[in-house]
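Worksheet for the structure shown next.
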Amino acid sequence: MSNSTHRSAAQPTLESTRSLRLWMSVLLVAVNIAVGAFYGLWAVADEWAVDRSEATHGFDPSMLLPNSVGLWIVANASLVLLIGLDVAWICLTLKLRTVRSAARAQRVVRPGEQH
């Protein structure tokens with residue numbers, strides 16, 4: 001195994017880091033869409049079921065969604081966790097940019113200075 005191969009495996013290149021960030025961003029957008037769709041569909045179905053149960057004479061609990069409390073917990077928990085994941089991704093991206101710009105500033109050789 002050559003030294004350059006070992007070095008590239010230990011230290012990811014700028015291009016591979018960008019590619020990883022791009023794929024992670026695409027994956028995060030896909031998860032956002034999926035969880036948003038789940039939450040939206042659950043909200044519509046729950047509202048429709050409650051309206052249907054109240055539309056008859058009196059209240060008919062058999063018209064409600066089965067396991068509605070569990071679905072409510074899962075829908076809201078998935079939304080809260082997704083918001084937390086989004087915030088963590090934004091913080092990580094900002095931290096990586098700060099570290100990268102600081103490293104780039106240290107590498108800059110000013111005229112008249114030696115490295």
Side-chain angles (χ1 to χ4, degrees):
M1 186 156 132
S2 71
N3 193 17
S4 64
T5 306
H6 178 64
R7 193 175 300 145
S8 66
Q11 298 175 349
T13 63
L14 182 61
E15 187 61 36
S16 67
T17 305
R18 283 183 183 162
S19 176
L20 179 64
R21 279 196 345 246
L22 175 68
W23 280 109
M24 289 299 293
S25 297
V26 167
L27 180 64
L28 191 58
V29 166
V31 169
N32 272 292
I33 291 170
V35 170
F38 166 70
Y39 189 83
L41 289 172
W42 166 80
V44 168
D46 189 55
E47 183 180 333
W48 181 72
V50 168
D51 289 346
R52 186 179 60 175
S53 69
E54 293 173 347
T56 61
H57 301 290
F59 182 74
D60 186 8
S62 68
M63 295 294 203
L64 295 175
L65 290 176
N67 304 318
S68 62
V69 174
L71 283 172
W72 182 88
I73 291 171
V74 170
N76 286 290
S78 64
L79 200 58
V80 168
L81 291 173
L82 182 63
I83 290 169
L85 184 63
D86 287 343
V87 168
W89 180 249
I90 291 169
C91 290
L92 179 65
T93 301
L94 292 175
K95 179 70 175 172
L96 287 174
R97 282 189 182 171
T98 304
V99 168
R100 196 171 0 133
S101 64
R104 198 178 302 138
Q106 288 178 351
R107 278 186 270 158
V108 173
V109 177
R110 291 174 181 84
E113 294 181 1
Q114 295 181 1
H115 34 76

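Predicted model only: the values in this text are computed from it and were never measured.
- Cluster membership for V69 and W72, using ILVMFWY side-chain heavy atoms within less than 4.5 angstrom, is shared.
- Under the 4.5 Å side-chain heavy-atom criterion for Ile, Leu, Val, Met, Phe, Trp and Tyr, L85 and L92 are members of the same hydrophobic cluster.
- Annotation: side-chain hydrogen bond (donor to acceptor under 3.5 Å, both in side chains) contacts of D46 (sequence neighbours excluded): none.
- The minimum heavy-atom distance linking W89 with R21 is given by the pair CZ2-O, 3.8 Å.
- In plain terms, the two heavy atoms of A75 and Y39 that are nearest each other are O-CD1, 3.5 Å.
- By the criterion of side-chain heavy atoms lying less than 4.5 angstrom apart, applied directly or through intervening Ile, Leu, Val, Met, Phe, Trp or Tyr residues, L96 is grouped together with L20 in one hydrophobic cluster.
- Residues L71 and L64 fall into different hydrophobic clusters, defined by Ile, Leu, Val, Met, Phe, Trp and Tyr side chains chained together at heavy-atom separations under 4.5 Å.
- F38 meets the ring-ring contact (aromatic ring centres under 6.0 Å, His included) test with no other residue; sequence neighbours excluded.
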Under the side-chain contact (heavy atoms from CB on, under 4.5 Å) criterion, do N76 and W42 qualify, and how do the steps go?
-> CA-CA 10 Å; N76 286 290; W42 166 80; 4.3 Å; yes

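- With contacts defined as side-chain heavy-atom distances shorter than 4.5 Å, the pair L82/S78 does not qualify.
- Within the model, atoms CG of L27 and CG of L22 stand 11.0 Å from one another, a figure rounded to the nearest 0.5 Å.
- Under the 4.5 Å side-chain heavy-atom criterion for Ile, Leu, Val, Met, Phe, Trp and Tyr, I83 and V29 are members of distinct hydrophobic clusters.
- Environment of CG in N67: sparse, with no more than 12 heavy atoms of neighbouring residues, nucleotides or ligands closer than 6.0 Å.
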Begin with the C-alpha distance, continue with both residues' side-chain angles, and end with the deciding distance and a verdict on side-chain contact (heavy atoms from CB on, under 4.5 Å) for E47 and D51.
-> CA-CA 6 Å; E47 183 180 333; D51 289 346; 3.9 Å; yes

